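Worksheet for the structure shown next.
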Amino acid sequence: MARRPSGILRLDPRTHMGLLLTMTLIAFVVKPFVLEVGLVAALALLQVLCGHAKMAVGYIALFALIVWVLDYAFAAGAAVFLTSFVYSFTLARRAFEVFMVGALMVADNSVHRITAAMRKLRFPEVILIPFATGLRYFPTLGQEIGHIRDAMRLRDIPVSMRVEAFFVPLMMSAATTADELSRAAVCRGIDNPASRSDTERLLLGVADWALLAIGAIVCLCVLLRYGAGPC
């Protein structure tokens, strides 16, 4: 799921979770445009430092596109055909920083690292097991979608039949994949009540504590300054 990052920083998954929490708390607080840009730029810089420069460039371009559509295209009447999507664009803009941190956490950590961090945070197993299984499920489902698309191209299926030809095998494959993942998890002892050894050796370093402190300060300042306004 995640490749070994080549950046300057190697953050603990708990740092990503902390930043994800702080960004979630201020996601729907109405903030000045300058503050929005500052948060996006700071998170893009963090992605670069963690070795994900392409991700940072992509998110900056996407943010610029969303701002242009909401603040200029709709206002100028140049995107009338997109008016039905205005709520989706607004929601994406509000939660944009959350998406950036979430993408960094997924790209920077394997499922094992994330679950190990959640165990250190004392998450109950009834939450952790479905979460870990879901993280392994969606990449597999994405691969299956690619296989179905390739098969449809090879058989030259008509446009009128593509929806049915896509979703029927996808649903069947999804049920089979979920069953296989649950069986594999049981075979690996996921329901074993004994405590598991920590092979990741997770440790919060200076950079982790500094980022958590900065995130908490930014969250507190935004909530105190703008939290009383309408969302």
Side-chain angles (χ1 to χ4, degrees), residues 1-29 31 33-67 91-123 127-128 131-143 146 198-223:
M1 177 180 170
R3 296 179 297 273
R4 185 75 177 181
S6 58
I8 300 173
L9 296 179
R10 173 64 166 166
L11 299 178
D12 190 283
R14 289 168 291 181
T15 303
H16 294 118
M17 294 177 188
L19 292 176
L20 191 64
L21 176 62
T22 56
M23 292 299 104
T24 302
L25 290 175
I26 64 174
F28 292 95
V29 175
K31 301 178 285 292
F33 179 67
V34 175
L35 181 57
E36 283 187 81
V37 173
L39 289 173
V40 171
L43 292 175
L45 176 61
L46 180 61
Q47 290 175 342
V48 172
L49 293 176
C50 291
H52 304 286
K54 291 183 179 180
M55 178 189 295
V57 173
Y59 270 102
I60 290 175
L62 181 59
F63 180 75
L65 176 63
I66 292 174
V67 170
L91 181 63
R93 180 172 177 177
R94 294 292 188 200
F96 198 80
E97 295 85 1
V98 179
F99 296 147
M100 293 184 72
V101 178
L104 178 61
M105 181 176 71
V106 172
D108 224 17
N109 299 283
S110 64
V111 176
H112 183 64
R113 276 179 61 84
I114 295 175
T115 53
M118 292 177 70
R119 282 198 172 92
K120 280 186 171 292
L121 293 173
R122 300 292 189 270
F123 273 79
I127 296 177
L128 197 151
F131 179 78
T133 305
L135 285 179
R136 289 182 170 89
Y137 175 75
F138 288 110
T140 305
L141 187 62
Q143 294 176 0
D198 181 14
T199 58
E200 288 291 341
R201 299 292 187 268
L202 298 178
L203 181 65
L204 290 169
V206 176
D208 295 290
W209 288 112
L211 286 171
L212 288 173
I214 292 172
I217 293 171
V218 170
C219 178
L220 183 61
C221 291
V222 170
L223 290 176

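The chain is numbered in sequence order, starting from 1. Bear in mind the structure is a predicted one, so any value in this text is a computation, not a measurement.
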Ignoring hydrogens, what is the shortest heavy-atom contact between [X] and [Y]? Give both atom names and the distance.
X      : Y     : value
Ala103 : Met55 : O-CE, 3.7 Å
Leu20  : Thr24 : O-OG1, 2.6 Å
Val29  : Leu25 : CG2-O, 4.1 Å
Lys31  : Ile26 : NZ-O, 2.9 Å
Glu97  : Arg93 : OE1-O, 4.3 Å

Nearest-0.5 Å distance, [atom1] of residue [X] to [atom2] of residue [Y]:
X      : Y      : atom1 : atom2 : result
Leu19  : Met105 : CG    : CE    : 10.5 Å
Leu121 : Arg14  : CG    : CZ    : 6.0 Å
Glu36  : Ile66  : CD    : CD1   : 10.5 Å

According to side-chain contact (heavy atoms from CB on, under 4.5 Å), who are the partners of Val37, at least two apart in sequence or on a separate chain?
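Once residues adjacent in sequence are excluded, the partners of Val37 under the side-chain contact (heavy atoms from CB on, under 4.5 Å) criterion are Phe33, Phe63.
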Which residue pairs satisfy the salt bridge (charged side-chain N to carboxylate O under 4.0 Å, His left out) criterion with at least one member in [range], sequence neighbours excluded?
range          : answer
residues 19-28 : none
residues 38-51 : none
residues 47-56 : none

Show, in sequence, the C-alpha distance, side-chain angles and deciding distance for Met17 and Ile114, and conclude whether the side-chain contact (heavy atoms from CB on, under 4.5 Å) test is met.
CA-CA 9 Å; Met17 294 177 188; Ile114 295 175; 3.9 Å; yes
Please report, to 0.1 Å, the donor-acceptor pairs under 3.5 Å made by any side chain of residues 202-220, with sequence neighbours excluded.
residue	atom	partner	partner atom	Å
Asp208	OD1	Asp12	N	2.8
Asp208	OD1	Thr15	OG1	2.6
Asp208	OD2	Gly205	N	2.9

Can I get a per-line list of side-chain donor-acceptor pairs under 3.5 Å for residues 38-49, giving both atom names and the distance, sequence neighbours left out?
residue	atom	partner	partner atom	Å
Gln47	OE1	Ala56	N	3.4
Gln47	NE2	Met100	O	3.2

